[in-house]
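What you see is a predicted model; the values in this text were computed from it and never measured. Values below: all heavy atoms of this structure, side chains included; hydrogens, waters and symmetry mates excluded. Note that ligands are numbered from 1 as they come in the structure, with each ligand's atoms numbered from 1 the same way.
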Amino acid sequence: MKQKQSRWQHFTEYLRQLEKTYRLFGAAAPQAAGWLMVLLPLQAVLPLVAVQAGQQIINQLVQRHPIWASFAIWLVAMAVTQILPTITLFVQGILTDKLTGFLNLKLMGKSKELKSLNLFDNSKYFDDLQMLKSDDSWRPVNLIVFGLSIVQQSIMLVVMFVMLARYNWWLTLALIAVLVPQSISYYRIQQDAFETMVTRSKNARKLNYYSSLLLDRLDAKEVRLFNMFTPIITKYRRLFNQTQSQVNQVRRKQALVGTSYLILVVAVTGYGFYWFITAVQTGTYQMGVLLLYITLMGYISSSMAKLVEDSSLLYDSLLWIEKFYHFIDFQDDLHDGRQPFPIDFQTVSVQNVSFHYPFSDQLVLKHVNFTVQRGEKIAIVGENGSGKSTLVKLLLRFYDPSAGQIQLDQQNVQTIEINAYRQAFSATFQDFSKFKLSLGENVAAAHAYDPTYVKNLLAQVGLASYLQQKNVQLTTMMSKEFAHGTDASGGQWQRIALARDLYADGQIEFLDEPTAALDPRSEQEIYQTFLQQNRHKTVFFVTHRLSAVQYADRVLMLQNGRVTGFASHAELLQTNPEYAELYNLQKAAYQ
Ligand SMILES: Nc1ncnc2c1ncn2[C@@H]1O[C@H](COP(=O)(O)OP(=O)(O)OP(=O)(O)O)[C@@H](O)[C@H]1O
């Protein structure tokens with residue numbers, strides 16, 4: 001539902017999303033949805049049955065006929081009308097629960113399917129992902145409450161118009177002709193105000209950002225230190241007033257249009273009443289028809305109002321559904337092979353690889369060529385933005401190269417089954433994850449849980465005293481958000497990530513600046529631990545601290561996406577002036 005659509009496109013798109021939503025209900029909870037297909041029409045029609053019976057009772061009273069049969073129908077219809085909402089609510093509750101689980105499991109399942117990071121880099125999907133991951137547990141409730149209310153009101157309106165048309169079809173058409181545009185105009189008033197102030201406009205997003213910024217834990221320090229309160233509150237106030245005055249302008253214009261329709265609606269209903277009174281006076285219809293007309297007019301206007309209000313409130317949740325399908329339908333174009341991982345590989349080679357990120361045409365790796373022997377320790381160095389992490393991500397197959405190949409021996413890695421391939425690797429990233437799970441789960445991740453081994457590794461990465469002093473158990477939740485939860489410092493978290501990496505025990509190891517948050521002594525200890533543990537493995541480590549190159553057999557130097565050196569540290573010092581300059585610069589800083 002894009003912003004610049006014609007009204008007709010908007011309407012048909014709305015109906016398409018609505019239809020998808022109803023299909024989702026059926027898929028999430030077929031039984032509950034089935035029950036609602038019976039309950040809702042009943043709930044819509046029964047009040048009208050009571051109106052019809054009321055009309056009969058008046059006619060029978062006037063004609064002095066017995067009224068008991070009509071009275072019984074009225075009584076049953078009224079009683080069931082009172083009982084039905086309770087049953088419907090019960091079924092709606094079941095549907096809501098099931099739909100919530102269904103939608104979240106679908107999202108998680110889709111994420112599992114996405115083997116590459118392509119979608120996460122796509123700016124078109126950025127907003128979608130933000131919306132999908134936001135903690136909006138009210139969305140399924142909204143979808144159901146408003147989505148079902150629309151069905152009920154629509155059925156009621158159709159039945160009421162049919163009831164009226166039996167007496168006067170042109171009056172019915174005239175009523176529809178004035179009520180529908182009036183409702184559309186009300187819908188637009190509500191929609192515009194809601195979108196501008198609450199949901200999707202750029203201003204609404206800025207307003208939300210300003211208000212959440214002052215409440216955010218991560219920003220709390222700098223907001224206080226630099227006293228950002230006044231400027232942010234001022235920005236909020238200014239933008240709020242500006243936005244509100246825009247909304248008010250729209251509101252005023254549309255209220256004027258709405259009032260014009262109102263005059264027409266009053267004129268048509270008034271004339272209708274006069275027509276029915278005359279019809280009773282001339283004996284065309286009996287007295288009861290007046291009760292029918294008055295009651296129907298009341299029901300029609302309240303049903304129309306509810307239909308408009310609920311359609312408008314549903315809109316935002318339908319947008320969510322649109323984004324949901326957008327995500328679910330995303331096709332990951334990463335190549336997946338069928339071959340098993342070649343356990344006995346002897347070389348890893350990068351053959352003339354060039355790469356640009358999806359949805360960007362700037363090459364970040366250019367004709368990269370190098371071959372590594374099994375068991376070698378390779379340091380990857382280079383300035384910020386030279387492409388080190390990108391190279392690691394390609395080797396881990398988070399993306400396919402735009403040109404060239406990565407090979408294990410002579411085999412293109414794209415021919416290997418992706419899950420088997422990933423299992424052969426372990427890694428610690430610069431931006432490692434801090435899972436809000438237990439400490440044990442943070443280390444073991446998806447591997448079989450062995451508490452003794454977890455403890456062992458935590459000790460090896462230097463966390464024994466932290467665990468003891470803070471009384472942190474393997475079962476302790478690593479977030480203050482949970483009862484008895486705890487948190488760790490940046491360096492301690494980095495060590496937990498390193499323990500997770502060791503636990504995974506892949507055949508090829510990647511360390512992408514694994515010691516950035518550690519002090520020099522800890523850095524040295526960690527490298528020694530890692531290289532001791534991984535002495536038979538092929539290890540790639542990205543580092544800015546050139547003191548670490550002592551642990552490498554060869555150093556791969558990247559500059560602006562190109563390999564400008566690949567040799568031992570000593571050789572590079574002799575042959576590569578840029579490398580020598582970088583190294584000497586850092587060395588001088590420590591002298
Ligand atoms: N997801 C992305 N989408 C588009 N461009 C990206 C993305 N990630 C990185 N880049 C760009 O690719 C280039 C290489 O980035 P990369 O992270 O590989 O560099 P790096 O050598 O690891 O840098 P650093 O030392 O700062 O970690 C940079 O210009 C960066 O802006």
At less than 4.0 angstrom from any non-hydrogen atom of Glu383, what atoms of ligand 1 do you find?
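It comes down to these atoms of ligand 1: 21 (O).
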
For Ser386, counting its heavy atoms only, list the atoms of ligand 1 lying under 4.0 Å from any of them.
19 (O), 21 (O)

Please state which protein non-hydrogen atom is closest to [atom] and give its distance, to 0.1 Å?
{"atom": "atom 17 (O) of ligand 1", "answer": "Ser389 CB, 3.7 Å"}
{"atom": "atom 24 (P) of ligand 1", "answer": "Asn384 ND2, 3.6 Å"}
{"atom": "atom 21 (O) of ligand 1", "answer": "Lys388 NZ, 2.8 Å"}
{"atom": "atom 15 (O) of ligand 1", "answer": "Thr390 OG1, 3.7 Å"}
{"atom": "atom 1 (N) of ligand 1", "answer": "Asp121 OD1, 2.8 Å"}

Just checking, any donor-acceptor pair under 3.5 angstrom between side chains of [X] and [Y]?
{"X": "Tyr579", "Y": "Thr564", "result": "no"}
{"X": "Lys235", "Y": "Tyr209", "result": "no"}
{"X": "Glu509", "Y": "Ser426", "result": "yes"}
{"X": "His356", "Y": "Asp361", "result": "no"}
{"X": "Thr243", "Y": "Gln246", "result": "no"}
{"X": "Asn369", "Y": "Gln351", "result": "no"}
{"X": "Glu441", "Y": "Ser438", "result": "yes"}

Selection from Tyr357, Phe120, Phe359 by shortest heavy-atom distance to atom 9 (C) of ligand 1
Tyr357

Structural part of Val364 in contact with ligand 1, heavy atom criterion under 4.0 angstrom
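Contact part for Val364 vs ligand 1: side chain (C-beta onward).
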
Where on Ser360 is there a heavy atom closer than 4.0 Å to ligand 1, on the side chain, on the backbone, on both, or on neither?
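Neither part.
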
Would you say [X] has any N or O atom under 3.5 Å from an N or O of ligand 1, going by distance alone?
{"X": "Gln430", "result": "yes"}
{"X": "Gly385", "result": "yes"}
{"X": "Gly387", "result": "yes"}
{"X": "His544", "result": "yes"}

Any protein heavy atom under 4.0 Å from atom 19 (O) of ligand 1?
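Given the 4.0 Å cut-off, atom 19 (O) of ligand 1 counts as touching protein heavy atoms.
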
Between Phe429 and Phe510, does the ring centre distance come in under 6.0 Å?
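No.
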
Test: Lys537 and Asp505 ion pair at under 4.0 Å
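Judged by the 4.0 Å cut-off on N to carboxylate O distance, Lys537 and Asp505 do form a salt bridge.
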
Does the pair Glu113/Lys110 count as a salt bridge with the N-to-O cut at 4.0 Å?
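Between Lys110 and Glu113 there is a salt bridge, with a charged N closer than 4.0 Å to a carboxylate O.
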
